[in-house]
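For reference, the structure discussed in these notes is given below.
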Amino acid sequence: PIDEVAAKSGAFLVRAAGDVPAFVAALEEGGASVSHAAAAGGDALFVELGAMDAVALFRAAARADAVVIELRPMASQFS
């Protein structure tokens, strides 16, 4: 299924609340590529995890005092 392929690529559309700039910084420090994406319902982040996994994404959010509201697998925009 397409969602499994997207999840394996490590690319996600992420909506977060809290200290989002600190969350972005934590993701980038962990090796992820992050860009802002306009999406229905407001701004979102397009995140390519690189060497990180989804658990590391949630740990980065916790360290940054942010909460992941939505995590949606996506096809890579950089491929």
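Note: hydrogens, waters and symmetry copies are ignored here, and every other heavy atom, side chains too, is used.
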Original post:
Side chains of Leu57 and Phe23: closer than 4.5 Å at any heavy-atom pair?
Top reply: yes

Original post:
Val68 and Ala61: which non-hydrogen atoms are nearest, and at how many Å?
Top reply: CG2-CB, 3.9 Å

Original post:
If we only count heavy atoms from C-beta on, is the Phe46 to His36 side-chain gap below 4.5 Å?
Top reply: no

Subject >> Cluster check Phe58, Leu27: I/L/V/M/F/W/Y, side chain < 4.5 angstrom >> reply: yes

Subject >> Path from Phe12 to Met52 over hydrophobic side-chain contacts below 4.5 Å >> reply: yes

Original post:
For Ala22, which residues count as a side-chain contact (heavy atoms from CB on, under 4.5 Å) partner, sequence neighbours excluded?
Top reply: Asp19, Ala64

**OP:** Name all pairs fulfilling the side-chain hydrogen bond (donor to acceptor under 3.5 Å, both in side chains) condition that reach into residues 59-74, sequence neighbours left out, sorted by first residue then second.
**Re:** Arg15-Glu70, Glu70-Arg72

**OP:** For residues Ala17 and Ile69, report the shortest heavy-atom separation together with the two atoms involved.
**Re:** CB-CD1, 3.5 Å

**OP:** Check side-chain contact (heavy atoms from CB on, under 4.5 Å) between Val24 and all other residues, then give those that pass, not counting sequence neighbours.
**Re:** Val20, Glu28, Val34, Leu45

